[in-house]
Amino acid sequence: KELAEKITHLDCSQLTISYEITKGRPPFVDEGRNTWRVFPHSENKSRVTMAPSIQLKWWAIFMSPLMALGMKHSMKKVLEEFKHWAETGEAHPRKQAMIDHG
């Protein structure tokens, strides 16, 4: 399924980017946003944070606990893939497989 995101805020001096999902949300998600921020610690080490915000459709509110668990698992993978890219300059093998197989 195709996913599209729109950058809503970019601050290069603060190493921050925010975006919203504009296409490809599950039918029970009304709105999805996320903000990434990089905090440099040293020349070769940084910490990255994400602050996702998911607004469910009114009829899907009961799914909130399941969404929170799913997001925790998904964000861990996303950060792992980002770390791999930042350290090697190459897509994580899992991400590359997704790219290769559409």
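A quick note: this is a predicted structure, and the numbers were derived from the prediction, not measured.
In this structure, A60 and F28 approach most closely via the heavy-atom pair CB-CB, 3.6 Å. Minimum interatomic distance between A91 and Q96 (heavy atoms only, all atoms of both residues): CB-OE1, 3.4 Å.
Listed by chain and number, the residues in a side-chain contact (heavy atoms from CB on, under 4.5 Å) with W58 amount to none (sequence neighbours excluded). Checked against side-chain contact (heavy atoms from CB on, under 4.5 Å), L10 has the following partners two or more places apart in sequence or in another chain: I7, C12, I17.
Residue pairs that meet the side chain to side chain donor-acceptor pair (under 3.5 Å) test with at least one member in residues 3-12, sequence neighbours left out, are D11-S13. Applying the salt bridge (charged side-chain N to carboxylate O under 4.0 Å, His left out) test to pairs two or more places apart or on separate chains, none has a residue in residues 60-70.
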Give every donor-acceptor pair under 3.5 Å between a side-chain atom in residues 71-87 and any protein atom, sequence neighbours left out.
{"from": "S74", "atom 1": "OG", "to": "G70", "atom 2": "O", "distance (Å)": "3.0"}
{"from": "E80", "atom 1": "OE2", "to": "H92", "atom 2": "NE2", "distance (Å)": "3.4"}
{"from": "E80", "atom 1": "OE2", "to": "R94", "atom 2": "NH1", "distance (Å)": "3.3"}
{"from": "E80", "atom 1": "OE2", "to": "R94", "atom 2": "NH2", "distance (Å)": "3.0"}
{"from": "E81", "atom 1": "OE2", "to": "R94", "atom 2": "NE", "distance (Å)": "2.7"}
{"from": "K83", "atom 1": "NZ", "to": "E87", "atom 2": "OE1", "distance (Å)": "3.3"}
{"from": "K83", "atom 1": "NZ", "to": "E87", "atom 2": "OE2", "distance (Å)": "2.9"}

Side-chain polar contacts of residues 33-53 - donor-acceptor pairs under 3.5 angstrom, sequence neighbours left out - could you list them?
{"from": "R33", "atom 1": "NE", "to": "E31", "atom 2": "OE2", "distance (Å)": "3.0"}
{"from": "N34", "atom 1": "OD1", "to": "A51", "atom 2": "N", "distance (Å)": "3.3"}
{"from": "N34", "atom 1": "ND2", "to": "Y19", "atom 2": "OH", "distance (Å)": "3.0"}
{"from": "T35", "atom 1": "OG1", "to": "S18", "atom 2": "OG", "distance (Å)": "2.7"}
{"from": "W36", "atom 1": "NE1", "to": "Y19", "atom 2": "OH", "distance (Å)": "3.3"}
{"from": "R37", "atom 1": "NE", "to": "Q14", "atom 2": "O", "distance (Å)": "3.1"}
{"from": "R37", "atom 1": "NE", "to": "T16", "atom 2": "OG1", "distance (Å)": "3.4"}
{"from": "R37", "atom 1": "NH2", "to": "Q14", "atom 2": "OE1", "distance (Å)": "2.6"}
{"from": "S42", "atom 1": "OG", "to": "K45", "atom 2": "N", "distance (Å)": "3.4"}

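Under the 4.5 Å side-chain heavy-atom criterion for ILVMFWY residues, a single connected hydrophobic cluster contains both W59 and L56.
Taken from CE in M67 to CD in Q55, the straight-line distance is 11.0 Å, to the nearest 0.5 Å. The CD1 atom of I54 sits 11.0 Å away from the CG atom of D30 when rounded to the nearest 0.5 Å.
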